[in-house]
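Scroll down for the structure; my scribbles are underneath it.
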Amino acid sequence: MATMESLIGLVNKIQRACTVLGDHGGQGMSLWEALPSVAVVGGQSSGKSSVLESIVGRDFLPRGSGIVTRRPLVLQLHKTASGAEYAEFLHAPKRRFTDFAAVRKEISDETDRITGKTKQISNIPIHLSIYSPNVVNLTLIDLPGLTKVAVEGQSDSIVEDIENMVRSYVEKPNCIILAITPANQDIATSDAIKLAREVDPSGERTFGVLTKLDLMDKGTNATEVLEGRAYRLQHPWVGIVNRSQADINKNVDMIVARRKEREYFETSPDYGHLASRMGSEYLAKLLSQHLELVIRQRIPSIIAMINKTIDELNAELDRIGRPIAADGGAQLYMILELCRAFDRVFKEHLDGGRPGEQGYRRLIDGSITYFKGPAEASVDAVHFVLKELVRKSIAETEELKRFPTLQTDIATAANEALERFREEGRKTVIRLVEMESSYLTVDFFRKLHAEPERKPERKPEKNANPPGPNDDLYHDHSLRRIGSNVSAYIAMVSDTLKNTIPKAVVYCQVREAKRSLLTNFYAQIGRREKERLSAMLDEDPQLMERRTQIAKRLELYKSARDEIDAVAWK
Ligand SMILES: Nc1nc2c(ncn2[C@@H]2O[C@H](COP(=O)(O)OP(=O)(O)OP(=O)(O)O)[C@@H](O)[C@H]2O)c(=O)[nH]1
């Protein structure tokens, strides 16, 4: 079984971590919301500070006229075994306060740091931890006193502002409400009870605290309330006698005050029979026990909430991409992986395997129409289609989205490669055409002449006359024959080129693009310095910031889970 100390100590740790992350609750589902705490609520001068101080056993809260508490004070009490007694603020973690007068000054300075020297209020809490053998483990939140009128220098909205701030704390179902009510006033008008009833109608998380029992009019007492016959709450009221203003002025020691309070109840004719359930020490123990019970009940839902949040944070990290490794080897590996991701998408396009896209086959089919034009035009046409596929593939490579610099680098490298392939393609098709034309040798023409003559339609005369019109006719006929032969040959060459040019283009451009689009790029980056690799992997700064935030939060939740596992189920 976990001890009470370790359970409450755990809650304290988690709450401090929440504050470091800027999580003061109030932002929907947060870890803070799932953790129990005790808020001290009451009208001005009802004795809130006195109750807090006597639970702690130390003077440390600022005093003065008007509204002194203007920021929530989250007070975490840690019981220590040894005699050392000291305080620490979360905003000044290196400073250890042993002088409690200095603690008081720091609270008031830190309040001013946020609210200025005005009498404004702020809902950003001050975190104070007190380590002492004279306390029980407990988290208390001191809130500004509820008031009915604004004092000079305050805006008219202050009354409402304070009430709203206090309500924002006490309305949370994890908040245990310490409703401070002075016994020398009409309980029916208690601001604390009024607010507590509003946010906790069943009273299961409200503890009524009756202060100033010693200041009641002679002949009256509060037994009706303390015995549970009037203003009944689910938990019994606890009566308190704090130091009077005169005691404070005389610097009456807190430990002495506690003893005097104990004696007051033990010797009181009115409350003697209730003495074991009265006083600030008893109140501290009662709260601590209640807190333990609540934490124990909450553990399964806290763990469930932590697990859910961890899953969500991990999912978001996956979505925005994991952090980039610091060492050069790992960065090179990552760049190569990203290049491969792009190359995969590009090849899918070439193979026609990407749904709804123009495929390799269709690409060639389409290109054939270009062969009507000059051979070079087909090379260019294929080049532009490949270039467009590079652009498309880069845009479609999810992994690359977060690295704009690397995107540009890959695009540049791929386009350079395509340019080379185009040059190769151009040379090859020109060569094919030249090959065909160089095949028209002298021998070829001689063969043409050697072919048997087809007779003209008209029969030649037996005794041929010397050359005349007939010879012209013959010459004309011969030219025609050559013409038709050549044009037949050109048609044949054209047919051949129609077959060979697509082959050359696919061979030089498409096949090469598939095989070695990024080969040069790989060789280049393999030789690059670490600094240049990091530069290629630079990300959007906002994204990096977001990742750091998530990673921190994830750490908090994971360590919270580990700690809960460690204390809760031992
Ligand atoms: N005699 C006597 N005086 C008390 C008791 N509780 C508080 N006081 C006095 O009442 C005055 C106000 O007490 P605080 O503890 O400062 O009250 P508070 O609610 O914190 O006041 P604000 O911070 O101004 O809202 C002080 O002078 C205390 O000495 C009590 O039980 N008996």
Side-chain angles (χ1 to χ4, degrees), residues 318-354 357-361 363-364 367 376 378-429 503-541 543-544 547:
D318 282 339
R319 200 174 52 73
I320 67 174
R322 296 283 170 172
I324 300 151
D327 86 287
Q331 287 181 343
L332 181 59
Y333 180 80
M334 181 164 190
I335 292 174
L336 293 179
E337 283 288 289
L338 290 164
C339 291
R340 272 192 278 276
F342 154 75
D343 215 32
R344 257 197 312 278
V345 175
F346 182 71
K347 280 187 184 134
E348 274 172 30
H349 274 300
L350 286 184
D351 292 338
R354 236 173 145 74
E357 308 283 355
Q358 198 185 10
Y360 176 34
R361 285 284 146 225
L363 167 91
I364 294 167
S367 310
E376 280 180 305
S378 354
V379 171
D380 288 344
V382 170
H383 176 77
F384 288 117
V385 173
L386 289 173
K387 232 175 126 168
E388 175 57 15
L389 287 187
V390 164
R391 194 197 57 73
K392 230 182 201 164
S393 303
I394 283 186
E396 286 172 11
T397 308
E398 287 302 321
E399 298 92 323
L400 268 180
K401 291 227 157 82
R402 50 193 276 228
F403 301 111
T405 305
L406 188 59
Q407 270 189 351
T408 317
D409 289 350
I410 293 180
T412 309
N415 286 330
E416 273 168 18
L418 290 183
E419 209 59 63
R420 279 199 313 279
F421 303 153
R422 161 155 75 172
E423 206 35 54
E424 210 41 55
R426 201 201 309 269
K427 276 189 206 147
T428 309
V429 293
K503 285 181 195 160
V505 167
V506 168
Y507 183 86
C508 297
Q509 290 173 277
V510 181
R511 189 191 68 134
E512 278 311 300
K514 239 173 118 171
R515 259 180 20 164
S516 60
L517 187 67
L518 292 180
T519 306
N520 275 14
F521 187 58
Y522 290 151
Q524 272 171 31
I525 56 176
R527 289 190 297 268
R528 255 175 217 184
E529 302 289 313
K530 185 187 168 317
E531 288 72 47
R532 292 198 51 200
L533 292 179
S534 324
M536 291 171 84
L537 288 174
D538 69 338
E539 286 185 282
D540 178 5
L543 195 76
M544 285 158 89
R547 181 186 302 108

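The structure presented is a predicted model; accordingly, all values stated were derived computationally and were not measured.
The salt bridge (Lys or Arg N to Asp or Glu O under 4.0 Å) test applied to D343 returns K347, not counting sequence neighbours. Residues that satisfy the side chain to side chain donor-acceptor pair (under 3.5 Å) test with E512, not counting sequence neighbours, are R515, S516. For K401, the salt bridge (Lys or Arg N to Asp or Glu O under 4.0 Å) criterion is met by E398, not counting sequence neighbours.
The line from CD of E416 to CG of L518 is 11.0 Å long, rounded to the nearest 0.5 Å. From F403, atom CZ reaches atom CG of L400 across 8.0 Å, with rounding to the nearest 0.5 Å. A distance of 11.0 Å separates CZ of R420 from CG of N415, quoted to the nearest 0.5 Å. Atom CZ of R511 sits about 14.5 Å away from atom NZ of K503, to the nearest 0.5 Å. To the nearest 0.5 angstrom, E399 atom CD is 12.0 Å from R340 atom CZ.
More than 12 heavy atoms of other shown residues, nucleotides or ligands fall within 6.0 angstrom of atom CZ in F384. Around OH of Y522, the count of heavy atoms belonging to other residues, nucleotides or ligands within 6.0 Å exceeds 12.
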Do Q509 and R422 pass the side-chain contact (heavy atoms from CB on, under 4.5 Å) test, and can you show the C-alpha distance, the side-chain angles, and the key distance before you say yes or no? CA-CA 6 Å; Q509 290 173 277; R422 161 155 75 172; 3.9 Å; yes

Test side-chain contact (heavy atoms from CB on, under 4.5 Å) on I335 and C339; report intermediate values, then the result. CA-CA 6 Å; I335 292 174; C339 291; 4.1 Å; yes

Start with the C-alpha gap between F342 and L517, add the side-chain angles, then the distance that decides, and say whether side-chain contact (heavy atoms from CB on, under 4.5 Å) holds. CA-CA 11 Å; F342 154 75; L517 187 67; 3.9 Å; yes

Steps toward side-chain contact (heavy atoms from CB on, under 4.5 Å) verdict (M536, I525): CA-CA 10 Å; M536 291 171 84; I525 56 176; 3.6 Å; yes

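Here the closest non-hydrogen pair linking C508 and T428 is SG-OG1, 3.3 Å.
H349 pairs in a side-chain hydrogen bond (donor to acceptor under 3.5 Å, both in side chains) with only one of the listed residues (E388, K392, R344, E396), which is E396.
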